2 protein chains.
Amino acid sequence: MEHRIERIKKQLHAESYKLTPQREATVRVLLEREEDHLSAEDIYLLVKEKAPEIGLATVYRTLELLSELKIVDKINFGDGVSRYDLRKEGAAHFHHHLVCMECGTVEEIVEDLLEDVEKKVEDQWQFQVKDHRLTFHGICRHCQQKNKESN
Amino acid sequence: MEHRIERIKKQLHAESYKLTPQREATVRVLLEREEDHLSAEDIYLLVKEKAPEIGLATVYRTLELLSELKIVDKINFGDGVSRYDLRKEGAAHFHHHLVCMECGTVEEIVEDLLEDVEKKVEDQWQFQVKDHRLTFHGICRHCQQKNKESN
DNA sequence: TGTGTTATTGATAATCATTTACACTTGATA
DNA sequence: TATCAAGTGTAAATGATTATCAATAACACA
Ligand SMILES: [Mn+2]
Ligand SMILES: [Mn+2]
Ligand SMILES: [Zn+2]
Ligand SMILES: [Zn+2]
């Protein structure tokens with residue numbers, strides 16, 4: 001944890017931004033809830049527990065800044081809100097998501113999986129890939145089980 | 001064109017919805033601009049040319065309905081608006097997109113490309129895939145060329 | 001240590017996409 | 001024709017995000 005905060009601090013400094021107390025509190029929430037996919041509002045409420053005086057606008061500004069520096073990725077699962085997802089330490093690409101259409105849970109896939117596809121896109125479409133977003137919609141293990149039992 | 005309208009009409013009837021003049025005008029715009037990725041507002045303005053009395057809410061309602069029936073797919077490229085994309089005739093899966101980070105153009109990939117990946121997800125993650133969203137962000141052919149010349 | 005400069009913040013208002021409420025129209029059916 | 005549900009247009013409401021602005025904190029240097 002402290003190690004990752006240090007690293008993020010350095011990334012900010014490298015672009016001559018400071019790790020203010022508000023920014024640090026926000027980053028800590030993101031680290032503590034790394035496997036979740038929180039909206040700005042969610043994050044705001046959690047940060048308020050550590051730093052009650054923080055404003056919602058500051059949370060938005062911090063998330064915007066962290067997005068620019070590629071420390072977090074902004075994603076959209078089709079409900080009305082943006083969600084913010086910490087990049088995995090040292091990951092070259094954004095990870096993938098499995099969204100269950102029945103219970104709404106979101107599972108992560110850290111494996112690349114797209115190496116071959118990207119090569120094809122670069123070769124056949126002559127498109128220079130920098131990043132990607134891949135989300136599968138379907139039925140999670142748990143709901144499959146539940147459905148089987150109810151039959 | 002007329003053939004596809006007929007088919008969509010049948011899909012609506014199958015769920016006991018009617019193809020009202022407003023809905024037809026909206027569908028026609030989507031067919032005419034099939035390769036584009038229009039927002040609700042874009043579509044509204046185009047439909048108004050055919051049916052000036054239509055209301056924005058009706059366009060939203062129609063797009064919502066067409067989404068439910070899987071006639072269009074709602075996508076989000078990260079700018080603040082949802083965009084609506086006609087499913088390719090008879091396509092089992094939603095097609096993919098290449099978004100240029102420099103000029104903003106969106107290119108389509110109709111080929112599946114994900115067969116192997118989906119198999120892996122089903123086997124190794126036991127997730128039953130129903131649909132997917134795949135977008136690559138990068139530099140399009142045209143902008144690559146332009147960058148090369150300016151060096 | 002003081003002083004000017006700039007970045008950052010919190011509160012609030014503004015913006016903008018989307019949804020809702022509601023009164024009116026339409027078209028089918030009894 | 002009278003009735004009824006589905007569909008519509010207008011206008012207002014909602015909710016997420018962004019812009020504004022005065023106050024504060026951090027820093028650079030006399
Ligand atoms: Mn994630
Ligand atoms: Mn498309
Ligand atoms: Zn589930
Ligand atoms: Zn381009």
Side-chain angles (χ1 to χ4, degrees), chain A residues 8-29 37-69 71-85, chain B residues 8-9 11-30 37-69 71-85:
Chain A
I8 288 168
K9 190 172 181 175
K10 282 198 186 106
Q11 284 180 266
L12 287 172
H13 286 168
E15 307 279 343
S16 60
Y17 292 112
K18 286 173 272 189
L19 184 63
T20 63
Q22 291 88 341
R23 288 174 183 165
E24 181 171 337
T26 305
V27 168
R28 281 186 189 278
V29 164
H37 299 89
L38 304 171
S39 68
E41 182 82 25
D42 294 338
I43 294 166
Y44 170 61
L45 293 174
L46 290 166
V47 175
K48 262 177 107 74
E49 293 176 6
K50 298 183 196 302
E53 67 301 336
I54 201 171
L56 177 57
T58 300
V59 171
Y60 270 103
R61 285 186 286 238
T62 300
L63 292 170
E64 173 69 21
L65 178 61
L66 296 174
S67 288
E68 270 171 30
L69 302 190
I71 294 166
V72 305
D73 285 296
K74 193 173 176 179
I75 37 175
N76 195 300
F77 289 132
D79 52 347
V81 298
S82 293
R83 298 179 178 278
Y84 297 86
D85 209 355
Chain B
I8 289 168
K9 190 173 182 174
Q11 284 180 265
L12 286 172
H13 286 167
E15 307 279 343
S16 61
Y17 292 112
K18 286 174 272 192
L19 184 64
T20 64
Q22 291 90 338
R23 288 174 182 166
E24 181 171 337
T26 305
V27 169
R28 281 188 188 277
V29 164
L30 291 170
H37 299 89
L38 305 170
S39 67
E41 181 82 24
D42 294 338
I43 295 166
Y44 170 61
L45 293 174
L46 290 165
V47 175
K48 261 177 108 74
E49 294 175 6
K50 299 185 196 301
E53 67 302 335
I54 201 171
L56 178 56
T58 300
V59 172
Y60 271 104
R61 286 186 284 236
T62 300
L63 292 170
E64 172 70 23
L65 177 62
L66 295 173
S67 288
E68 269 169 32
L69 301 189
I71 294 166
V72 306
D73 285 296
K74 193 174 178 180
I75 37 175
N76 195 299
F77 291 133
D79 53 347
V81 298
S82 293
R83 298 179 179 279
Y84 298 86
D85 209 355

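Naming: A, B, ... by sequence-line order, numbering from 1 per chain. Source: prediction; values computed, not measured. When reading the values below, keep in mind they use all heavy atoms of this one structure, side chains included, and skip hydrogens, waters and symmetry mates.
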Please give, in whole Å, the distance from [N] [atom2] to [X] [atom1]?
X       : N      : atom1 : atom2 : answer
A:Glu53 : C:dT8  : CD    : P     : 17 Å
A:Tyr44 : C:dT9  : OH    : P     : 14 Å
A:Leu56 : C:dG10 : CG    : C1'   : 10 Å
B:Ile54 : D:dG7  : CD1   : P     : 14 Å
A:Lys74 : D:dT17 : NZ    : P     : 7 Å
A:Leu19 : C:dT9  : CG    : C1'   : 15 Å
B:Arg23 : C:dT26 : CZ    : P     : 16 Å
A:Asp79 : C:dA17 : CG    : P     : 19 Å

Walk me through it: do B:Arg23 and B:Thr26 pass the test side-chain hydrogen bond (donor to acceptor under 3.5 Å, both in side chains)? CA-CA 5 Å; B:Arg23 288 174 182 166; B:Thr26 305; over 6 Å; no
Between [X] and [N], is there a side-chain N or O to OP1/OP2 distance below 4.0 Å?
X       : N      : result
B:Thr20 : D:dG7  : no
A:Ser39 : D:dA16 : no
A:Gln22 : C:dG10 : yes

Any [X] side-chain heavy atom under 4.5 Å of [Y] side chain:
X       : Y       : value
A:Asp42 : A:Arg83 : yes
B:Tyr84 : B:Asp73 : no
B:Lys9  : B:Val27 : no
B:Leu30 : B:Leu66 : yes

Answer with base, sugar-phosphate or nothing: what part of the nucleic acid does B:Glu41 contact at a heavy-atom distance below 4.0 Å? nothing
Can you tell which of [options] lies closest to the side chain of [X]?
X       : options               : value
A:Lys18 : D:dA16, C:dT9, C:dT8  : C:dT8
A:Thr58 : D:dG9, C:dT9, D:dA16  : C:dT9
B:Tyr60 : C:dT8, D:dT18, C:dT19 : C:dT19

Please compare B:Ala57 and B:Gly80 by the position of their nearest nucleotide in DNA chain C and report the one closer to 5'. B:Gly80
Of A:Ala40 and A:Arg61, whose nearest nucleotide on DNA chain D comes first from the 5' end? A:Ala40
